[in-house]
Chemist: 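There's a structure below that I have some questions on.
All residue numbers in this chain count up from 1 along the given sequence.
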Amino acid sequence: MQSTSTATVANPPIAIQKLELASPNPAAAGRVETHEVLPGEIKDVILHLVSIHGAGQHLEPANANHEIIWLFLKGRGTLRTQDATVEIAGETIARAPLGWSWQIDVPAGEILHGLRICTKLSAEDRLELKKFPQNNTSSLVKKFSDCPAYREAIKSPKTTSRTLLAENFVPRVALGTVETTGPDAVGAHRHSMLEQLFLGLQGNDVTVTADAATARLTSFDILHIPLGSNHGAQVAAGQKLHYIWMDFFMTKEGQDWLKMHKPLAEEKNG
């Protein structure tokens, strides 16, 4: 089970939760464990840690009202959609077009952990989906390390940032990673147009600040940045910063924030 806590300095507090990634257990063979993560933190967004013990299978039925994104964090398995069969090993993002079913198989002796992100679609979201048919004809499955890199002014030159899910695939949602070593920092900034989560990846050990609140974010911790707070992250010498950011925009127009992300290919061509 996961426990939910808040930072000791609260103004407002930072909601943070540890994702407990169990090791393979023969006694749990075939079991699929699902735990809700940060319940009720973001309107119309539901998060679950799903752990599939091999030999086991998770079936995701077709759903026309919610977008589903998977962030696989650890373990091995096979993902099947109507257009692809892909082997999953470690840190991988997966998203199938709206209304497609999924099947995830995990072999004996393995356990696959994934964060399942479910977002409810509004009428406006459905109209947006129709504007980008090219993003909704095939599955998107990619290792984090293979996703395109970008630069941002609030991050140091030695920082590697990657876009896991670009805008206009899932309405009002974008995901990416940030990676660097200490001493370093992600500069303080604020955004009132989006809700944001951070998820620490393996080896991550940073301090997150949001106005007067602070919280330590380590491996497989997930936290919610208080809306509109002036926030940033610091990593000490000898430590690693490597986390996923998840942006949930309140409006389509709010996505203009992403213009701050400058693709490396664009920089080289410019």
Side-chain angles (χ1 to χ4, degrees), residues 30 32-34 44-108 110-150 162-177 199 201 244-249 252 255 258 261 263 265:
V32 179
E33 298 176 332
T34 303
D44 294 332
V45 177
I46 301 173
L47 309 171
H48 286 96
L49 173 65
V50 181
S51 301
I52 308 167
H53 295 262
Q57 183 181 87
H58 172 79
L59 298 175
E60 185 81 53
N63 188 328
N65 299 313
H66 296 81
E67 285 274 10
I68 307 295
I69 306 163
W70 283 82
L71 295 173
F72 295 106
L73 302 174
K74 192 174 182 181
R76 293 194 309 112
T78 303
L79 173 67
R80 294 180 172 87
T81 64
Q82 67 185 48
D83 72 333
T85 297
V86 183
E87 297 301 317
I88 303 296
E91 298 173 347
T92 304
I93 183 171
R95 181 257 176 181
L98 181 68
W100 287 24
S101 60
W102 305 64
Q103 179 177 315
I104 305 170
D105 295 292
V106 176
E110 291 283 339
I111 181 171
L112 180 64
H113 300 284
L115 183 69
R116 178 184 181 273
I117 305 169
C118 176
T119 66
K120 183 179 180 180
L121 293 172
S122 67
E124 291 78 11
D125 292 337
R126 293 180 182 279
L127 293 175
E128 284 301 313
L129 276 173
K130 293 179 180 179
K131 296 178 183 178
F132 304 96
Q134 70 276 15
N135 293 342
N136 290 282
T137 58
S138 61
S139 300
L140 170 67
V141 184
K142 189 173 289 190
K143 291 186 72 66
F144 295 173
S145 57
D146 292 336
C147 292
Y150 69 90
R162 297 186 183 279
T163 299
L164 303 186
L165 183 73
E167 61 181 319
N168 301 324
F169 279 83
V170 175
R172 298 182 294 109
V173 178
L175 309 174
T177 60
L199 171 58
L201 295 174
I244 299 173
W245 54 263
M246 309 176 210
D247 288 354
F248 302 94
F249 294 90
K252 165 69 175 179
Q255 290 180 184
L258 296 173
H261 298 181

Chemist: Before giving the answer on side chain to side chain contact (heavy atoms under 4.5 Å, CB included), spell out for V141 and T81 the whole-Å C-alpha distance, their side-chain angles and the decisive distance to 0.1 Å.
Modeler: CA-CA 10 Å; V141 184; T81 64; over 6 Å; no

Chemist: Output the distance between atom CG (L112) and atom NZ (K74), rounded to the nearest 0.5 Å.
Modeler: 11.5 Å

Chemist: Applying side chain to side chain contact (heavy atoms under 4.5 Å, CB included), run through T119 and D125 and close with a yes or a no.
Modeler: CA-CA 11 Å; T119 66; D125 292 337; over 6 Å; no

Chemist: From L164 CG over to I69 CD1, what is the distance, rounded to the nearest 0.5 angstrom?
Modeler: 10.0 Å

Chemist: Before giving the answer on side chain to side chain contact (heavy atoms under 4.5 Å, CB included), spell out for T92 and L79 the whole-Å C-alpha distance, their side-chain angles and the decisive distance to 0.1 Å.
Modeler: CA-CA 11 Å; T92 304; L79 173 67; over 6 Å; no

Chemist: Looking only at heavy atoms, which two atoms of A62 and G99 are closest? And how far apart?
Modeler: CB-O, 3.1 Å

Chemist: Can you name the residues that form a side-chain contact (heavy atoms from CB on, under 4.5 Å) with K120, not counting sequence neighbours?
Modeler: D44, H66

Chemist: Is it true that K252 and E128 have a side-chain N and a carboxylate O under 4.0 angstrom from each other?
Modeler: yes

Chemist: Would you please classify the geometry between the W70 ring and the W102 ring as parallel, tilted or perpendicular, with 30° and 60° separating the classes?
Modeler: tilted

Chemist: Determine the minimum heavy-atom distance between A174 and W245, stating which atoms define it.
Modeler: O-CZ3, 3.3 Å

Chemist: As an exercise, state the distance from CZ of F132 to CG of N168, rounded to the nearest 0.5 Å.
Modeler: 3.5 Å

Chemist: Restricting to non-hydrogen atoms, name the atom on F249 and the atom on V173 that form the minimum distance, rounded to 0.1 Å.
Modeler: CD1-N, 4.4 Å

Chemist: Under a 4.5 Å cut-off applied to non-hydrogen side-chain atoms, are L121 and L129 in contact?
Modeler: yes

Chemist: About how many Å separate CD1 of I244 and CG of L201, when rounded to the nearest 0.5 Å?
Modeler: 4.5 Å

Chemist: Between CD of E110 and CD1 of I88, what distance do you get to the nearest 0.5 Å?
Modeler: 13.0 Å

Chemist: What is the minimum heavy-atom distance between C147 and I93, and which atoms define it?
Modeler: SG-CG2, 4.5 Å

Chemist: Might you work through the side chain to side chain contact (heavy atoms under 4.5 Å, CB included) test for L165 and L140, ending with a clear yes or no?
Modeler: CA-CA 9 Å; L165 183 73; L140 170 67; 3.8 Å; yes

Chemist: Take S138 and D83 through the test side chain to side chain donor-acceptor pair (under 3.5 Å) and record every step on the way to the result.
Modeler: CA-CA 7 Å; S138 61; D83 72 333; 4.6 Å; no

Chemist: Give me each pair satisfying salt bridge (charged side-chain N to carboxylate O under 4.0 Å, His left out) with a member in residues 86-102, each pair once, sequence neighbours excluded.
Modeler: E67-R95

Chemist: Please tabulate, for the side chains in residues 45-55, all donor-acceptor contacts under 3.5 angstrom to protein atoms that are two or more places apart in sequence or on a different chain.
Modeler:
residue: S51; atom: OG; partner: H113; partner atom: ND1; Å: 2.7
residue: H53; atom: NE2; partner: E33; partner atom: OE1; Å: 3.3

Chemist: Quick check for you: to the nearest 0.5 Å, what is the distance between N65 atom CG and C118 atom SG?
Modeler: 9.5 Å

Chemist: Indicate the atoms forming the closest heavy-atom contact of R126 with A64, along with that distance.
Modeler: NH2-O, 2.9 Å

Chemist: Any pair with a residue in residues 132-144 that passes salt bridge (charged side-chain N to carboxylate O under 4.0 Å, His left out), sequence neighbours left out, goes on the list, sorted by first then second residue, please.
Modeler: none

Chemist: Where do T137 and P133 come nearest, in terms of heavy atoms and distance?
Modeler: CG2-O, 3.1 Å

Chemist: Mind jotting down which residue pairs meet the salt bridge (charged side-chain N to carboxylate O under 4.0 Å, His left out) criterion with at least one end in residues 46-61? Sequence neighbours excluded, please.
Modeler: E60-R116

Chemist: Just jot down the ring pair (Phe, Tyr, Trp, His ring centres under 6.0 Å) partners of W100, sequence neighbours excluded, or say none.
Modeler: none

